[in-house]
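Letters go in sequence order (proteins before strands), and every chain restarts at 1. Scope of the values below: all heavy atoms of this structure, side chains included, with no hydrogens, waters or symmetry mates.
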Amino acid sequence: MRGAAAVLRHELAQRRLLLLASPLLGLLALAAPLLPGTADAGGADLRDTAVLFVALALSGLTALLLGSSVIGADLAARRLAFFFSRPLSGAAIWAGKLGAAVICAWSAALLALLPGLLVDVAAGAGGSLLYNALVPRPLLALWLGALPLLVLVTHFGGVILRTRSKWLALDLAGAVTTAAVALVTFRRLQYWAWLDPGWVARLAAAGLGLASIGLLAASAAQVIAGRTDPVRGHRSLSLTFAGISLAGVLAFAAVAVRWLAIGPQNLDRWSFAAVSPGQAWVALSGPAPGPPEYAASFLLHVGSGRSLRTRFARGTDDVFPVAFSADGRRAVWAEYDGAQESSPVVLLMDLDRPAAEPVRTAILERELPGRLAISPHGDRVAAVEGKRVSVYELAGGRLLATHSFEDLGEWPEPVFMGEDRLRILLSRWNVVTVADLDIPSRKLVAVATFPDLGWRRSLSPDASRIAINSPAGAVAVFDLAGGRQLARLSQQGARVRANYLADGRLARQVVGPDGAELVLLDGDGRRLPDSPRFRLPPGAAFGWIFQADADRLLAREDLESREGDLQAGWKLLDLRRGRMLSIGPRSLQALMPPSPLTPAGKAPLFTDGTHLLRIDLETGKRQLLGPARPFHSVYRPPM
Amino acid sequence: MNATFRIDASDPRPIWRQIEESVRNLVASGALPPSASVPSVRELARGLAVNPATVAKAYQRLADAGVLAVRRGDGTFVAAAPPAITGEQRGERLRTEALRYASFAATLGASLEEAAAALAATWRDLARPPGDREDEAGPARKGGPT
Amino acid sequence: MSLTAVSVSTIAGSISPKVPAAAFTNAHAGAAAASPGAAARIAAWPLAAEAITVRYGRRNAVDGVSLSLPEGAVYALLGRNGAGKSSLVRCLLGQQRATAGRALLFGRDAWRHRATLMAQVGVVPEQPDAPPGVTARQLARLCRPLYPCWDGSGFEARLRRFDVPADRPFGRLSKGQQGHVALALALAPHPRLLILDDPTLGLDAVARRAFFEELIGDLADRGTTVLLTTHDLAAVERIADRAGILAGGRLLLDEEIERLKQRFRHIWLPSPTPGADAALDALSPRGRVRRNWRVETLVENFDEERFQAFQASPSGAGAEASPLTLEEIFVALTGEGSRQLAPGAEGDPR
């Protein structure tokens, strides 16, 4: 400590002239407004800017010159032995000399500012110099913090250039390798993990911090281990810096690999899961360990366990459209092509083979589609971009028809009725309009208009009827052909919910103070005499009702609480015997098709938090299929 | 005393021996009278440009032999009654130097008479008072350090 | 040949109270082999090099050099340029790491404990290495707080004696003045050990004389241990009590100068006779050269009796033996003709 102080004082005393010149130059800068041609610039502002410029330039130059010479010059001229022949530790020599360079740089800045500050205070502006618009205070503070780094960098460069030993090869190789690994890792992270600018800034700061530590340690090693030998000093410098920077960047790469090399079983949980018709594939996504808001999405082939990493989830709650064709043979989804939110693409995959790979379609949209629909046989795709609905031929990407709408409150909802007809539901204020787009003729035909009573809409399988759930607790059933209301389901003091099943029947439940009751109606909303009734105790209600087959329904029991629904578990509703069976504990969650209009099948997929399994609803037998994660859906698929 | 003798690098005798013998000779010849002060180890070492330890060794031997006396606080002096060189010692010393002279004369091819005559002439020269000496090349005449 | 130890401490103060007991012993290796206790004692001496090897690439600049200095010794390390002196000195000063072996100062590893050890060591380098823009006084101000004691008045007195202006920048002093400042800085903290690497290189005769006088004064006052590398062999002969010759990285010799000079003689025969060669061989020569009409032989381990017998013999008639100065011994051992004269010499004199 004492040695370092002695060296520091000695080095500072040698540079007295510089410290004397700084305030003088600052004084000179005050005369800037007197320069010709500056009459129109604000006098005080110009003065302040000139003073700040002088301070920054002077301190920068000082850092550059002293950083490269304070140790390097002595080392090259074989004068460093003077210090090493005294009772001074290598650390004291290093700290004293570099410390003096840093202090000189800081002093140059502050001393150059001093006259300007004094003038400001005298003029009553009270330090307006530091509030200069051109060089704001944070920038000034940042600059002062950067000066030591500048000293370290020039010292490093000075050693390398003066010594010109073979260790330069390691310096270059190390720098190139570090930069390459860092860049590759960063780009991969950006592509797969959607790093936002905040994260980019954080990574840059970490990188800078690592470089600073590396430079600091390397310069100390050069002095302490290299002592008076320039080549050995360079060796210590190179090994230390390359070691630290490579170790840091490799650690970064290793962490990134851990974040990126994951499968569906590595997600924290599954927050979105949609099963294809036929139950062969599951599209799923969920938060993954790593940066905040990091989510990964996959297409999982249930039978083989093979998973394909996709990019249709940008965050836990932000999932891009995924659609399966009704015959279960094709899937389409939307992604962004690059790491930025630009160049959206629509990807297509044939689900017939487990070893399928996604293919980029030729469909081009300016923005990522808000909704996608695929025709029953998978030949056509309807994409909604803003207020425009477009229909494309999947093979070739040819635009078949397009229509733009106005005055919309939400995205239009397209539904294919066969290969040639697209039914579009449009919400405008309190009105829902249904329009059919005839694809061959490209003509839009208005079909029906009816008041929009709510936000939960259930379309019948043939798209001829619609049941609208209103928040008030009533359900209205409309005929889409004419817009005629077919039924109104409501009950005093209770809430009514209904959705269409895959076979066209309507499942209606009434949730009242003494519990919930589920009953089946026909497609028009009329009672079915032989429909069994299912009851749940007070505080519980059914969620979406899915159809397993003609005799079985699957429904989720939701416990209503003040915080919102808690999923209690899945229930099998045996229509023939009129019995309600619990499939499993609350932890068992079902993976359902995107819409209740697709039958869930006799052996739907479930997850118990660790395994993916199929439960045969007839026999109750469970078949373990592979690893899985807890599934708690916060994403409600449309329709 | 500094001016009185030199250290001869080509002399096989160790430096301390040369110093010792020179001092002895000076004392014996009367150039350094009894109770005269002699330079300190430091002074002599600097004057001769030799290691003080060497001078110290010579002085130690001289003190042991009774030639020099050390008075604490005052310095080093010639003993009040320095031991005279015994006739035996003198004879031995003379013979040593005589051998050298004789060998030298023999290489020149001189005879005993010539050598003896040269020796006698030099002796007579030395015995004359200082002003009369023809040969002033003695190192004693030249001042300054060696 | 054994030499008596001089115990100067029996002499009362006025001669030189600070000249300590100097035990002139035989070669380092011999004493170390004598007993492990002796080896440990030697290791605690002011300076000890234990089988130091310094390797640059394929070349051994210093090859297994061992030497040691007891307290109060003045050791001269001689060698031609490139013999490895500077590398060895750097190892001893803890500024370079030896490839093998240890450098010990006061019993501690010089590389590891350099910072604390330098408090007791004064260093005068070959090239002046003080920052050129600093004055002598400022250098003293830098060094003073680093040492436990500092003789500031002594420093100033030395500068005055050397006629060095204390307020002129170091770079503007003459080479001689720079050397004097370096010596003054080295002596001011009253070090126990002085290491001087060719301190009088490039100095004129006056400056050189003044330098050695100052050194001798310090030796007389404080009995400092000194390691000196130099080419000034005349000065070495007078000041040093022990010398080592480094050639090709190896220590050819390491002994007291007194003994060295007694061992070597130059014998010349005016006219060689038939039996002369054999008889000369019996004198354990180091090498023989025939020049025109006479034979010159460098004899190591000269024995007076044997020589006299030789002189008396018919083949040795007219033989003369003359002593060599240290310079002559050095040149004979390491010079161009050294391989001729010293068939048993190891290593490359270059």
Can a donor-acceptor pair be found, under 3.5 Å and without considering hydrogens, that links the side chain of [X] to the backbone of [Y]?
X: Arg227(A); Y: Gly94(C); value: yes
X: Arg86(A); Y: Leu146(C); value: no
X: Arg79(A); Y: Pro128(C); value: no

Interatomic distance, CZ@Arg9(A) vs CD@Gln138(C), rounded to 0.5 Å, equals 10.5 Å
One should read off an interatomic distance between Arg232(A) CZ and Gln96(C) CD, to the nearest 0.5 angstrom, of 6.0 Å
Would you say that [X] contacts [Y] through its side chain, given a criterion of any heavy-atom pair below 4.5 Å between the two side chains?
X: Asp129(C); Y: Arg78(A); answer: no
X: Phe83(A); Y: Leu142(C); answer: yes
X: Phe82(A); Y: Val123(C); answer: no

Atom [atom1] of [X] with >12 non-hydrogen neighbours under 6.0 angstrom:
X: Arg161(C); atom1: CZ; result: yes
X: Arg55(C); atom1: CZ; result: yes
X: Lys175(C); atom1: NZ; result: yes
X: Trp106(A); atom1: CH2; result: no
X: Asp167(C); atom1: CG; result: yes

Counting heavy-atom pairs under 4.5 Å to chain C, which of Ala77(A), Ala73(A), Ala81(A), Ala5(A) comes out on top?
Ala81(A)
Considering all heavy atoms of both residues, which atom of Leu88(A) and which atom of Arg114(C) are nearest to each other, and what is their separation?
O-NH2, 2.7 Å
Smallest separation among heavy atoms of Pro145(C) and Ala6(A), with atom names:
CG-CB, 4.2 Å
Heaviest contributor of heavy-atom pairs below 4.5 Å to chain A, chosen from Pro125(C), Ala130(C), Cys143(C), Ala182(C), is Ala130(C)
Heavy atoms only, distances under 4.5 angstrom: which of Thr116(C), Val134(C), Val121(C), Leu93(C) has the most pairs with chain A? Name it, please.
Val134(C)
Examine whether an atom of [X] lies under 4.5 Å from a heavy atom of chain A, and if so say whether it belongs to the side chain, the backbone or both; otherwise answer neither.
X: Arg90(C); value: side chain
X: Pro189(C); value: neither
X: Leu139(C); value: side chain
X: Gln95(C); value: both

